[in-house]
Structure formats: structure tokens, C-alpha cells
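Below: one structure, written as C-alpha cells.
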Amino acid sequence: MKNFNGKVLFLDRADINTDEIIPAKYLTEISREALEPYLLEDLELDGFNQGMDLANKSVIITKDNFGCGSSREHAPWALDANGINLVIAENFARIFKQNMFNCGMLAVEFSSEIIGKIFRLFAGRSTDLETDMKRMIITIKSDEHQEEFPFSISDFDLALVEAGGWLSYADSNY
Amino acid sequence: MGKTVAEKIFASHIIDNPSGDINVIRLDAVFCHEITTPGAINDLVNRGKDRVFDPSKIKAVIDHVTPAKDSKTALQGKILRNWARRHKIEDFFDIGRNGVCHAIFPEKGFVRPGYTIIMGDSHTCTHGAFGAFAAGVGTTDLEVGILKGVCAFHYPVTIKINITGKLMPGVYAKDVILSIISMLGVNGATNRVIEFAGPVIDLMSMEARMTICNMAVEAGATCGICSPDMTTVEYLWEFIQDEFGSKEKALDKYSQFAADPDAEYDRIIDHDVSKLEPQMTFGYKPDLVKNVQEMEGTKIDQVYIGSCTNGRIEDLRVVAEIMKGNLISDSVRCIISPATPQVYQKAMEEGLLKIFMDAGVCLTNPTCGACLGMSNGVLAEGEVCASTTNRNFNGRMGKGGMVHLMSPATAAASAIAGKIQIPETKPVPEEYNEKF
């Protein structure tokens, strides 16, 4: 299973699309690792600095409809290449979410109230996150505050995370 | 209780139910292009599983960057080409015979009512126009599809959009779907299938229905679907006549996939388009839509006509009718990419290419081209494109560029005016567009 712990990058915007996550001009890369420098290169977000803001981050917390647009699995691959295996959002575009689990990565949905609370408590501060897959609890902490957030994913999505992705799962089941 | 189109298709394709509403379905076709397939091929090779579930059900094309623009895109084409040869995939379309995937595969008769189809391309929803369940997927889903012929989906929950009224002259399928995306929002149909129905859809050609279904994903939908009818049969007739003998028999078979009158929907939206004006987008999301009239006079630098949304022969006929005897404005450049070689050929035979060239259009080979800024027609920073494509995301056609989505008619009128221009509302001649 992949690692779902680490420092958090907050992206305070809805509808962040796959062209912003990884622009189409980089889809000519065959290797997944080659996508590493281009993650979020075209993100339209005031104050976002790709180099500084991505450094050492392992988790993204964002708003509504993350990953909308293209089917490109290069979006999760570019996240993975940057050591980011967990995205938390109000909800995801269908293909992006499926791609995350298909790669053995984790896409967790919280209500807009909880996402709003997390942004109020932690955004703008150095924030760490830990995921307990057994208890299904995400713990978020800064110097000033620590809070646990229970989460749920479907049994099927959990099976994909545990199997390391859809190919391994499908190959042993079909 | 009756069933929706997608429910009927699922009923005959489900092979497993691993948990909750997750269903693993059997696939009738897996479509492939050179951008998202090489990753799947390489991974299968690395895992020692370089196999395909059924070469006759896999269709492949090089369409996104063609001819190759550099060594990297040449390698992507090479990987797909060698793989198709290695596995005896007969329906592989290489340079000279290739076209935009969602235009060429239907044109070859590969999409049939009741089919289940996946492709590593979000606009795979286009093929729902035939009463098929067709969904865009990522490379891993594609890889499993290639290897096993299966894919996992949530049980389909459907939004029905009942499109009523009569379209005004100058208003087309593209305007209808832009108005629907504006109404639903970019997230309004996530994890839903959209069934397009009603008298306006009934009167539409297959090409117009493909334009509508093509953009279902811009509202987040898994698939856009139309119930199959005689129009579907007529379009497919050259491919199915031996199988059925008569059109009535074909219709009888395909009608089993039409939605039941008492099917259960997540919601039903009535959409009267009688007063709908030409539509266009104005920002970086496809649900940011205005009447073209409100945007008239907006500066543009480029006009792009083509793509899986609007690069088919009916689209080019509309464009030619507007461009005939006119010149593209000095202040803009206009690029037209006929979506397939057959479209190109027909446009040549009908004299459309001469009209375009006389007007000062740059004609390219069939390709996805400028739509996603991967090869030709890329915008410079600060430039604006009036485009018949389906996505206007920030940077989509080039970093710092702005894309306004619109119908071929509005794009053509704008090319001549040199700025955003509402198309003349004269009726389109009968012989150019039988359905409108």
C-alpha cells in the first residue's frame, strides 16, 4: 500500500481541471517520472507558486469537483511523481477519482462543511496529516491545533488501494 | 418498472458485482489512441502480460499529433503501430487513413446500439449518440480493458433531458449542448448518465446527436445517450444490411435498447429551445455560457473549426455556406481540420475545400490539432480563439490563451467579421442539412 501521510498543500479553488494539473503538451512523455516538474504548472490560483508550494508536500486538500476534464491518468501520475498519493476534496470528477484508485492512490471526500472547517483551522499554516487505514481516520495537525476526521471509501475502492491498483485486482479476479 | 437505455445495456453486460453498486461489465469495443495507450502497452509488456482480449474488438488510431511533430510523439505512434501489428489488430488507422477518434470510429460502423465501449479519452461519451454506453477512462482502465475486456462502473443513474420546441435558424446542436452545460454546471451530472430525448433530438441527424453527446462529459457525465431509432439505422445501414436484410428488422432489434416510457430517472429536465439564440463560452469553464449577441465584437486572433465535436461534413457544409464568396478577415487566421479522410474527401467532392481556400483558410489534415494545443494551431500568450471544440480550460490551446467555444456557424461568421459575430439567421439550405 502507498503512503498517505505528510505535509498538506491547500488549494482553495473549485473545478481544478486536468489541464491545470498536467498540461496536454506534456502528454508526449512516456515515462511517469518525467511528469514531475510540470504538476500544476497552469493552475489558475492567486498567490500559488508552483516550486515553493509543492516542495515536500504529500497531500492536497481542495474544494469541489477536483480533476474535471480530460481522462488523462497523467494527472494522478504527476501527483505520484511528486510524492502526493492522497487528495481530499468535497468531490471529484468521475474519471479522475477512478484513476486515483486504479493507481492504488487515495481520493477522500468530505462534506463542504468539513472542508470549510479544515480550511479555517489549517490553511495558511504548516500542516501535517496522517491516515489510519485500519480505523479509517485522518488526523490533521498544525502547531496550534490537532483534529481527527473519520472518512469512508467504498469496499471496492479500499480493495483497489490494498491491491495496489485495478490491474492487479482485475488480473486476479477476471 | 421500466429501464433507461444505460440500464438495459448493463442488464446484458454485467459479469460481477464486487461491492455495493459497483458493476464489472463486459466490453464490446475498446478504442485506443496514441496518447493514452502507450502507457498501457508498456505496462503490460513490463508485467509480462502483453496480450489483448480480442483483436477484433480493439480499434486504434493515431489522431492527437499526426504526422508526428517530434521524436517523443513519433515514439508514441511507433509504440501503438507496433502493438497493433504484433496483435493483428486489423482496425488500426495510421497516417493517410487516420482521423479524429470519435469521428472515424462511428463512420466505420464500429459503434452499434447496445454496445459497451471504453477509450482513454474523456470525449468517448460521443458514441452514446448511437444508444451505446460509452465512457472515457484512464490508462489503467484501458489497460484492463485491453487485457480482459472488462471495466468497472457504478450502476448507471440517469438524468433525462427532454429537449422540446423548434430551433431557430442559425441555432445548432452545439448551441443546444452549450445551453444544457450552462444549466447543469460543470459538475451537474457527475456520476450520472445523461439521456438526451424529445422531439428536437428525434429530428437531429446522427452527426448532430454526436455533437450533443460529445460534450456530456463537460457537465461531468459518464456518458451521454440517445435512444436508437430509424435515424440510427439509416446511418449504420451500409454496415448492417447483410445482418438484418431490412431496416425494419434492424430497428426492431435496436429498439430493445430504447428507454422505456416508465423508466426511472434521477431527474427529468424539460428544455424548450424555441427561443434559444446562438451560444458561446466566455471563460475558462465550459459552463460559462452567454448568448453570442452579448459578446458580439469581442476581439479574436484565431478561428479553429474541427475536432470530435464539430469537424464532420455537416459542420463543414454550414461553414462553407457562410464563407462562400467571402474572405477571412485580415485581422484573424482561420484553421479548418476536417475530422476524417472521408470528411475531407466529401468536402473536396462537394467543392467545400475550394470555398475554404478561396476565403483564405488554412486547411490541415484530419487531427485533434489545436483543440488541446498539442500540435498545430497553438495560441500565443494573450491570444483569443473562436473554436468549435469542446473545452476552454486555462491554457488548453496554449499557455495564456483564451478559447471561446461556439458552433461552426458562429465560428465561420466570426472568421469573416474578424471578431465575434452572430451568424446570419437565414435558413440553412435543405440540401446542406436535411435535419434542420
Side-chain angles (χ1 to χ4, degrees), chain A residues 14-21 23-32 34 41-45 64-77 90-104 153-160 165-171 173-174, chain B residues 15-16 18-22 24 35-36 38-39 42-44 47 49 64-65 69-70 72-73 75-76 79 119-124 135-144 147-150 152 154 186-187 190-191 217-218 220-222 284-285 372-374 378 391 393-396 398-399:
Chain A
D15 303 319
I16 292 174
N17 65 62
T18 46
D19 277 75
E20 294 179 287
I21 298 170
K25 63 185 171 195
Y26 302 121
L27 304 187
T28 59
E29 299 293 346
I30 302 274
S31 105
R32 301 174 185 196
E41 183 179 283
D42 278 351
L43 179 65
E44 205 197 3
L45 182 64
D64 193 35
N65 198 28
F66 186 78
C68 60
S70 155
S71 65
R72 63 190 67 158
E73 203 161 300
H74 306 70
W77 295 343
E90 289 172 28
N91 55 59
F92 297 90
R94 179 192 68 85
I95 306 174
F96 177 83
K97 183 178 173 185
Q98 193 62 53
N99 286 344
M100 288 287 285
F101 286 108
N102 281 351
C103 292
I153 56 174
S154 75
D155 293 344
F156 180 65
D157 289 340
L158 181 60
L160 295 185
W166 169 229
L167 193 99
S168 305
Y169 181 97
D171 201 34
N173 284 280
Y174 305 110
Chain B
I15 60 157
D16 192 19
S19 85
D21 73 331
I22 300 291
V24 176
I35 301 299
T36 53
N42 285 351
D43 194 58
L44 287 170
R47 288 171 188 262
K49 295 181 187 302
H64 274 57
V65 185
K69 64 169 180 173
D70 56 19
K72 285 178 179 173
T73 51
L75 176 60
Q76 288 179 310
I79 292 171
M119 180 171 195
D121 192 288
S122 61
H123 294 108
T124 306
V137 298
T139 291
T140 302
D141 271 336
L142 180 72
E143 189 174 339
V144 170
L147 183 66
K148 300 282 181 179
V150 302
H154 289 278
V186 289
N187 199 13
T190 301
N191 289 320
V217 70
E218 305 310 329
T222 306
Y284 289 131
K285 294 199 302 170
L372 74 168
M374 280 193 79
V378 175
R391 221 163 248 166
F393 294 158
N394 180 29
R396 173 82 175 175
K399 201 176 181 74

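These numbers were taken from a predicted model, which means no experiment stands behind them. Just so we're on the same page: letters track the sequence lines, and every chain starts at 1. Keep in mind that the numbers below use all heavy atoms, side chains included, and drop hydrogens, waters and symmetry copies.
With a threshold of 4.5 angstrom between heavy atoms, N102(A) approaches chain B through its backbone and through its side chain. Within the 4.5 angstrom heavy-atom criterion, atoms from both the backbone and the side chain of D141(B) approach chain A. Looking at T190(B), only its side chain comes within 4.5 Å of chain A, counting heavy atoms on both sides. For A221(B), no part sits under 4.5 Å from any heavy atom of chain A, backbone or side chain. Using a 4.5 Å cut-off between heavy atoms, Y26(A) does not touch chain B at all. Both the backbone and the side chain of R396(B) come within contact range of chain A, each with at least one heavy atom under 4.5 Å from a heavy atom of that chain. Proximity to chain A is limited to the side chain of I15(B), based on heavy atoms less than 4.5 angstrom apart. Proximity to chain A is limited to the side chain of V24(B), based on heavy atoms less than 4.5 angstrom apart. Looking at I22(B), the atoms closer than 4.5 Å to chain A (heavy atoms on both sides) all sit in the side chain, from C-beta outward. With a 4.5 angstrom heavy-atom cutoff, L147(B) touches chain A only via side-chain atoms.
For the options L27(A), I95(A), N17(A), D15(A), heavy-atom pairs under 4.5 Å to chain B are most numerous at N17(A). Between chain B and the residues Q98(A), R72(A), E44(A), the most heavy-atom pairs under 4.5 angstrom are made by E44(A). Contacts with chain B were tallied for D64(A), D157(A), N99(A), D19(A); D19(A) has the most, counting heavy-atom pairs under 4.5 Å.
Remark: K49(B) engages D171(A) in a salt bridge, criterion side-chain N to carboxylate O under 4.0 Å.
Remark: side-chain polar atoms of K148(B) are paired, donor with acceptor, to backbone N or O of Y174(A) under 3.5 angstrom.
Here the closest heavy-atom approach between residue I30(A) and residue P38(B) is recorded as CD1-CB, 4.1 Å.
Taken to the nearest 0.5 Å, the NZ atom of K25(A) stands 5.5 Å off from the NZ atom of K399(B). Atom-to-atom distance recorded for L75(B):CG and E29(A):CD is 10.5 Å, nearest 0.5 angstrom.
A side chain to side chain contact (heavy atoms under 4.5 Å, CB included) with E73(A) is found for exactly one of V137(B), T36(B), T139(B), namely T139(B).
N173(A) and D16(B) share no donor-acceptor pair across their side chains, judged by distance under 3.5 Å alone.
Side-chain contact between F393(B) and S70(A) is absent, with no heavy-atom pair separated by less than 4.5 Å. When side chains are defined from C-beta on, N187(B) does not count as touching C68(A), because their heavy atoms never get closer than 4.5 Å. At least one side-chain heavy atom of R47(B) sits under 4.5 Å from a side-chain heavy atom of L167(A).
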